[in-house]
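By convention in this document, chain letters (A, B, ...) are assigned in the order of the sequence lines, proteins followed by strands, and residues within each chain are numbered from 1. What you see is a predicted model, and the numbers here were worked out from it, not measured in a lab.
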Number of protein chains: 2
Amino acid sequence: MVTVRTAPARGRPRRAESTDAILDAALAVLAERGYRAMTLDDVAARARASKPTMYRRWPTKVAIVAAAILHGLDRANPLAAHVRPASRDDAPAARLLRIVENVRSALVSTPLGGAIRAVISEVAHEPILADALRVVERSRRPILAGAVRALQEAGAFDARRDPDTVVDLLLGAIYFRVLVRQERPGPPFSREVVAVLLGDAVPR
Amino acid sequence: MVTVRTAPARGRPRRAESTDAILDAALAVLAERGYRAMTLDDVAARARASKPTMYRRWPTKVAIVAAAILHGLDRANPLAAHVRPASRDDAPAARLLRIVENVRSALVSTPLGGAIRAVISEVAHEPILADALRVVERSRRPILAGAVRALQEAGAFDARRDPDTVVDLLLGAIYFRVLVRQERPGPPFSREVVAVLLGDAVPR
DNA sequence: CAATTACGAAACGCACAAGTATCGTAAATG
DNA sequence: CATTTACGATACTTGTGCGTTTCGTAATTG
């Protein structure tokens with residue numbers, strides 16, 4: 001989380017809990033109703049805050065949504081542990097599978113995932129959202145690409161292939177299933193996706 | 001195209017060119033401005049038609065957008081030939097590559113592709129759009145899955161893998177690059193994507 | 001205690017876009 | 001020629017939601 005040093009602090013300080021509550025509410029409403037149907041009155045009500053409190057923190061609706069997504073990302077990193085973090089000690093194949101599965105479960109069944117699905121079309125015309133989505137994307141990519149590279153070094157996967165493209169295939173399959181085919185695949189789908197690349201050498 | 005038999009026809013008939021012009025305009029505006037910012041006045045102006053003319057044909061904005069997408073699909077099938085149609089006579093690998101490339105170029109640089117990118121987030125809350133997107137998806141899937149199956153039968157690809165999942169990887173990679181990574185990959189990307197599955201045995 | 005800033009509640013201004021209505025005219029049928 | 005329906009142009013109605021303002025109160029500093 002990037003915190004900006006603020007002025008010396010006069011008068012009554014802002015409630016930090018409100019900030020969190022607003023971003024959580026925004027994420028939830030976004031996932032439930034989509035970007036278009038999400039109103040700031042909804043968010044305010046859900047956060048038990050007032051609109052002026054929101055506008056004191058962010059200037060526009062898109063800014064709030066972008067902040068909510070980054071907030072969701074901050075929140076997801078520690079929480080991803082509930083599935084089980086992919087550790088350096090795993091066998092490369094198991095490690096890859098675990099990361100893919102984390103991404104799947106995040107996209108399918110977390111507020112951040114719902115929010116991403118809701119804003120993905122807006123991104124083309126809202127630079128602020130585009131930046132936020134890029135941050136999310138880039139937070140996962142190196143981990144995944146690293147796992148692919150480890151497999152290549154271990155001789156388990158063709159070393160001539162570009163790891164970034166391989167990541168596109170893996171994550172793309174999940175996004176495609178959810179966004180285009182409009183389904184909510186479960187954990188077995190992650191296994192099958194990884195198996196397409198590694199054959200039946202997918203553990204656990 | 002599904003045409004519904006209409007009433008015996010009294011009075012002045014509707015201009016079929018207007019219908020086409022409206023759907024073309026809708027597709028273009030959709031791709032340019034996105035669903036939210038697209039106004040029906042824009043569409044009417046671009047189609048050189050009036051709003052009543054539009055509302056005589058479809059009842060709501062979403063209905064127009066859904067019709068435009070299906071119209072774009074009708075229009076794309078013959079036009080996909082401009083790239084070069086994948087024929088039954090191709091070698092399986094070449095055939096697969098050609099279909100993937102067709103999908104890539106359609107998504108990246110065709111009005112239908114732009115429209116799909118624009119509506120993909122709305123789909124979750126607009127059943128009419130969800131149906132339209134499903135029609136598009138299902139129009140391509142069997143062709144792709146068939147090409148995968150041919151490769152499996154030819155022994156060029158692991159026969160134990162589910163062809164539908166393989167299709168998700170292929171198309172997903174393209175959609176992911178465009179929607180999430182916000183890039184516009186060119187033809188080489190199609191080759192690299194297919195190469196991830198088939199190795200360097202990708203022809204042409 | 002004075003000054004400053006935050007808070008919730010409520011109301012408001014305002015722009016914008018979907019969908020409708022009106023009107024004079026055009027194209028079809030019988 | 002009478003009837004019916006479509007057309008473009010234009011104006012209109014109506015709802016909605018962003019962003020602002022006001023107000024009485026609370027929390028902080030000096």
Side-chain angles (χ1 to χ4, degrees), chain A residues 4-26 29-30 32-68 118-119 121-122 125-126 128-129, chain B residues 4-26 28-30 32-68 118-119 122 125-126 128-129:
Chain A
V4 178
R5 178 150 305 285
T6 160
R10 302 257 312 168
R12 174 174 172 175
R14 293 188 183 160
R15 275 190 79 223
E17 299 95 325
S18 294
T19 307
D20 271 24
I22 290 166
L23 295 178
D24 284 341
V29 175
L30 204 51
E32 277 175 21
R33 317 231 167 126
Y35 183 85
R36 217 164 32 91
M38 160 194 179
T39 78
L40 296 188
D41 288 292
D42 283 347
V43 175
R46 187 163 195 140
R48 295 175 181 282
S50 66
K51 284 207 286 180
T53 298
M54 304 175 68
Y55 279 100
R56 223 171 275 118
R57 289 164 169 76
W58 305 278
T60 60
K61 177 177 174 177
V62 280
I64 291 174
V65 169
V119 301
S121 286
E122 311 294 333
H125 302 92
E126 296 284 6
I128 311 177
L129 293 182
Chain B
V4 178
R5 178 151 303 284
T6 159
R10 301 259 313 169
R12 175 175 173 175
R14 293 188 183 160
R15 274 190 80 223
E17 301 94 326
S18 294
T19 307
D20 270 23
I22 289 165
L23 295 178
D24 283 341
V29 174
L30 203 51
E32 276 176 21
R33 316 232 167 125
Y35 183 85
R36 217 163 32 89
M38 160 193 180
T39 77
L40 296 189
D41 288 292
D42 284 346
V43 175
R46 186 163 198 142
R48 296 175 180 280
S50 67
K51 284 206 288 181
T53 298
M54 304 176 65
Y55 279 101
R56 223 171 275 117
R57 289 165 169 73
W58 306 277
T60 60
K61 176 177 174 177
V62 281
I64 292 173
V65 169
V119 302
E122 311 294 333
H125 302 92
E126 296 283 5
I128 309 178
L129 293 181

Would you grab the first and last nucleotide of DNA chain C (5' to 3') that comes under 4.0 Å of any non-hydrogen atom in chain B? C:dA17 to C:dA28
Return the value, rounded to whole Å, for the distance between atom [atom1] of [X] and atom [atom2] of [N].
X: B:Arg36; N: D:dT16; atom1: CZ; atom2: P; value: 18 Å
X: A:Arg56; N: D:dT22; atom1: CZ; atom2: C1'; value: 13 Å
X: B:Ile22; N: D:dC7; atom1: CD1; atom2: C1'; value: 11 Å
X: A:Glu17; N: D:dA26; atom1: CD; atom2: C1'; value: 15 Å
X: A:Asp41; N: D:dG15; atom1: CG; atom2: C1'; value: 14 Å
X: A:Trp58; N: D:dG19; atom1: CH2; atom2: C1'; value: 15 Å
X: A:Met54; N: D:dT20; atom1: CE; atom2: C1'; value: 14 Å
X: B:Tyr55; N: D:dA6; atom1: OH; atom2: C1'; value: 18 Å

Nearest 0.5 Å, please: how far is [atom2] in [Y] from [atom1] in [X]?
X: B:Thr60; Y: B:Leu40; atom1: OG1; atom2: CG; value: 9.0 Å
X: B:Asp41; Y: B:Met54; atom1: CG; atom2: CE; value: 8.5 Å
X: B:Thr53; Y: B:Ile22; atom1: OG1; atom2: CD1; value: 6.0 Å
X: B:Arg56; Y: B:Thr19; atom1: CZ; atom2: OG1; value: 10.5 Å

Shortest side-chain distance from B:Arg10, nucleotide among D:dT4, D:dC18, D:dG8: D:dT4
Can you figure out which of D:dG8, D:dA6, D:dG19 approaches the side chain of B:Ser50 most closely? D:dG8
On DNA chain D, more 5' by nearest nucleotide between B:Gly11 and B:Ala47 is B:Gly11
So what does [X] touch, heavy atoms closer than 4.0 Å: a base, only the sugar-phosphate, or nothing?
X: B:Met38; result: sugar-phosphate
X: A:Ala49; result: sugar-phosphate
X: A:Arg48; result: sugar-phosphate

Can you see which heavy atom on B:Leu129 is nearest to which on B:Val119, and at what distance? CD1-CB, 4.3 Å
Closest non-hydrogen atom pair, B:Arg46 against B:Glu32: NH2-OE2, 3.0 Å
Can a donor-acceptor pair under 3.5 Å be found between the side-chain atoms of A:Arg12 and the base atoms of D:dA26? yes
Where each residue is assigned the nucleotide of DNA chain C containing its nearest heavy atom, which of A:Ala16 and B:Pro13 is assigned the position nearer the 5′ end? A:Ala16
Looking at D:dT5, I'd like to know if its phosphate oxygens (OP1 or OP2) sit under 4.0 Å from a side-chain N or O belonging to B:Arg57. no
Going by the rule salt bridge (Lys or Arg N to Asp or Glu O under 4.0 Å), which residues pair with A:Arg36 if we only count those two or more places apart in sequence or in a different chain? B:Glu122, B:Glu126
